[in-house]
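Report on the following structure.
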Amino acid sequence: MSTEINAVREMLQSVEKVAVFTGAGMSAESGIPTFRGDGGLWRGRKPEEWATPEAFMQSPEEVREFYQWRRGIVEEAQPHAGHLALGNWSSGDSHHVEVVTQNVDGLHQRSGCSRVWELHGSLWSQHCHDCGTPESDLEKTHCPCGGRLRPSVVWFGEGLPSEVWAESERVMRESELVLVIGTSAVVYPAAGLVGMAAGAGIPVVEINPQPALDSQTVCITGTAAQVIPILLE
Ligand code: BV8
């Protein structure tokens, strides 16, 4: 692992703009279950079975409980050493760093990253499933219009927020190096951003204990909390 880390440290010396693309593995060492790893199930069902408009229409209360359960886990969670190293680096002046994340937990923001694009929305806001009106009080269940309130995350089968998508494409396209941390890269169109960068000849560095990409330039087989602090020190 140290050979690869030294190679990437070299690469970082000669670039200015870095895109950091993250998935659920980025938050695993903060105690937040990943989607497809062990412990990612809830009441015997996979998140993919909860994170859909159909599940919400079928059993809105259960889906609401699923998200309240996840909010509780995230509230208890603390950013780990990898989050903090990333937050510190991204707010420094050595590089221009923007984070494009599939995660909805807000841990990048809690650890000091200020330029974060949340491709799949956020656990920490909700809106009316009928009229779209946002509601900041997460305890409320219904909109004044009578519609049910839902978490402002992107469910399977739903389009991604267009402005966030456009900005994320810009970040990847403008970057001189992409760090891909903790994603199985199976969810589209998000995962397509990594392929787009690789296709444009931008070096892609993967950090994952179980590497998932086939287009990476360098692969560091390790966890986010282990690797990021060493890489960025
Ligand atoms: C769309 C928010 C079209 C919700 C998420 C049929 C119908 C419609 C669409 C489709 C379809 N079939 C396929 C699709 C496309 C679908 C898709 O890609 N499905 C996959 C499953 C095949 N995509 C969609 O539906 C998207 N929308 O296509 O809409 C459209 C267009 C216009 C208009 C209308 C419609 C929407 C996808 C977004 C879904 N929402 N999350 C919520 O959170 O509840 S996706 C969800 O998966 C999370 O965001 C998660 O981040 C993401 C990806 O997973 P990963 O982050 O990679 O996590 P995973 O558990 O998979 O992997 C963890 C990784 O970490 C592993 O590699 C592991 O090795 C590593 N790891 C573990 N520990 C560590 C670690 N790494 C580092 N350190 C560690 N310690």
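Both ligands and their constituent atoms are indexed starting at 1 by order of listing.
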Does atom 8 (C) of ligand 1 have any protein heavy atom closer than 4.0 Å?
yes
Among all protein heavy atoms, pick out the one at the shortest distance from atom 80 (N) of ligand 1; state its residue, atom name and that distance to 0.1 Å.
Glu29 OE1, 2.9 Å
Within the structure, does at least one protein heavy atom fall under 4.0 Å of atom 14 (C) of ligand 1?
no
Return the orientation label for the His108 and His83 ring planes: parallel under 30°, perpendicular over 60°, tilted otherwise.
perpendicular
Considering the heavy atoms of Gln210, write down every atom of ligand 1 situated less than 4.0 Å from one of them.
69 (O)
Distance filter under 4.0 Å to Val104 heavy atoms, resulting ligand 1 atoms:
43 (O)
Can you tell me the protein heavy atom closest to atom 24 (C) of ligand 1 and the distance?
Tyr188 O, 3.5 Å
Salt bridge between Glu49 and Lys46, side-chain N to carboxylate O under 4.0 Å?
no
For Val186, atoms of ligand 1 separated by under 4.0 Å from a heavy atom:
18 (O), 20 (C), 22 (C)
Show which atoms of ligand 1 fall inside a sub-4.0 Å distance from at least one heavy-atom site of Asn103.
51 (O)
Is it the case that the side chain of Ser30 and the backbone of Ile32 share a donor-acceptor pair, with hydrogens and angles ignored and the cut-off at 3.5 Å?
no
At less than 4.0 angstrom from any non-hydrogen atom of Gly23, what atoms of ligand 1 do you find?
56 (O)
Tell me the protein heavy atom at minimum distance from atom 56 (O) of ligand 1, and give that distance in Å.
Ala24 N, 2.7 Å
Please list, in number order, the atoms of ligand 1 under 4.0 Å from a heavy atom of Thr223.
78 (N), 79 (C), 80 (N)
Atom 74 (C) of ligand 1 sits nearest the protein heavy atom Gly25 O, 3.5 Å
Does a donor on one side chain sit under 3.5 Å from an acceptor on the other, for Thr22 and Thr101?
yes
